Amino acid sequence: MIHVKSLEQGEHDLDFLTDMMYEAIHIPENKPPKEELLNLPHIKKYSEGWGRKGDRAIIAFEDNFPVGSCMVSPICRKSKRLWIC
């Protein structure tokens, strides 16, 4: 059975969230390792400083094992644009 848990403010599971972010980036061949890819400046901005006001995430669990996630963050706080993964 699958259940979904909303992460509360201050509750972080950034390792799993960044694992899911890495998996969501489609590179058909020669995909760089997770640490290398997620530390590129144009990608790092999405997880850097995670847990600020307005950041939200849910994690889906199957038999108490995390199997998916969704993250929402206002990456451009001045223009109020959201980033969703």
Side-chain angles (χ1 to χ4, degrees):
M1 180 176 195
I2 294 179
H3 70 276
V4 176
K5 177 186 177 200
S6 176
L7 294 181
E8 301 299 325
Q9 191 69 29
E11 182 181 16
H12 307 297
D13 198 345
L14 192 56
D15 287 339
F16 181 72
L17 295 175
T18 55
D19 284 348
M20 293 293 95
M21 184 187 311
Y22 177 75
E23 294 302 325
I25 298 170
H26 178 70
I27 299 176
E29 295 180 6
N30 302 316
K31 188 172 185 177
K34 175 187 168 186
E35 292 75 22
E36 181 182 332
L37 182 62
L38 296 184
N39 279 307
L40 294 172
H42 65 283
I43 295 176
K44 186 176 183 170
K45 66 181 178 182
Y46 296 110
S47 61
E48 190 171 52
W50 175 258
R52 296 169 295 216
K53 183 178 178 179
D55 292 347
R56 300 285 185 265
I58 58 172
I59 297 180
F61 293 87
E62 184 171 16
D63 298 324
N64 293 321
F65 183 77
V67 294
S69 69
C70 179
M71 300 167 67
V72 178
S73 181
I75 60 165
C76 185
R77 295 175 192 279
K78 287 183 182 178
S79 69
K80 300 187 186 276
R81 286 187 282 161
L82 290 178
W83 165 76
I84 301 171
C85 175

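Just so it is clear, the structure is predicted and the values come from calculations on it, not from any experiment. For the numbers below, each heavy atom of this structure counts, side chains included, while hydrogens, waters and symmetry mates do not.
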Inset, instruction - Return the set of residues passing salt bridge (charged side-chain N to carboxylate O under 4.0 Å, His left out) with Glu48 (not counting sequence neighbours), or none when no residue passes. - result: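 Result, salt bridge (charged side-chain N to carboxylate O under 4.0 Å, His left out) vs Glu48: Lys44.
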Legend entry - Single-linkage hydrophobic cluster, 4.5 Å side-chain cutoff, Leu14 and Met20 together: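 Yes; Met20 is reachable from Leu14 via cluster members.
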Inset, instruction - State plainly whether one hydrophobic cluster holds both Val4 and Met71, where clusters connect Ile, Leu, Val, Met, Phe, Trp and Tyr through side-chain heavy atoms under 4.5 angstrom apart. - result: no
Legend entry - From Lys5 atom NZ to Ile58 atom CD1, the distance as rounded to the nearest 0.5 Å: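 Going from the NZ atom of Lys5 to the CD1 atom of Ile58 covers 12.5 Å.
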Inset, instruction - Could you tell me whether the side chain of Ile59 reaches within less than 4.5 Å of the side chain of Leu17, counting heavy atoms only? - result: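 Yes. Closest side-chain heavy atoms under 4.5 Å.
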Inset, instruction - Using ring-ring contact (aromatic ring centres under 6.0 Å, His included) as the criterion, list what pairs up with Phe61, not counting sequence neighbours. - result: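 Result, ring-ring contact (aromatic ring centres under 6.0 Å, His included) vs Phe61: His3.
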Legend entry - ILVMFWY cluster membership beyond Phe65 - transitive side-chain contacts under 4.5 angstrom: Val67
Under 3.5 Å, which donor-acceptor pairs do the side chains of residues 30-41 form with other protein atoms, sequence neighbours left out?
from: Lys31; atom 1: NZ; to: Tyr22; atom 2: O; distance (Å): 2.7
from: Lys31; atom 1: NZ; to: Ile25; atom 2: O; distance (Å): 2.8
from: Lys34; atom 1: NZ; to: Thr18; atom 2: OG1; distance (Å): 3.2
from: Lys34; atom 1: NZ; to: Asp19; atom 2: OD1; distance (Å): 2.4
from: Asn39; atom 1: ND2; to: Glu35; atom 2: O; distance (Å): 2.7

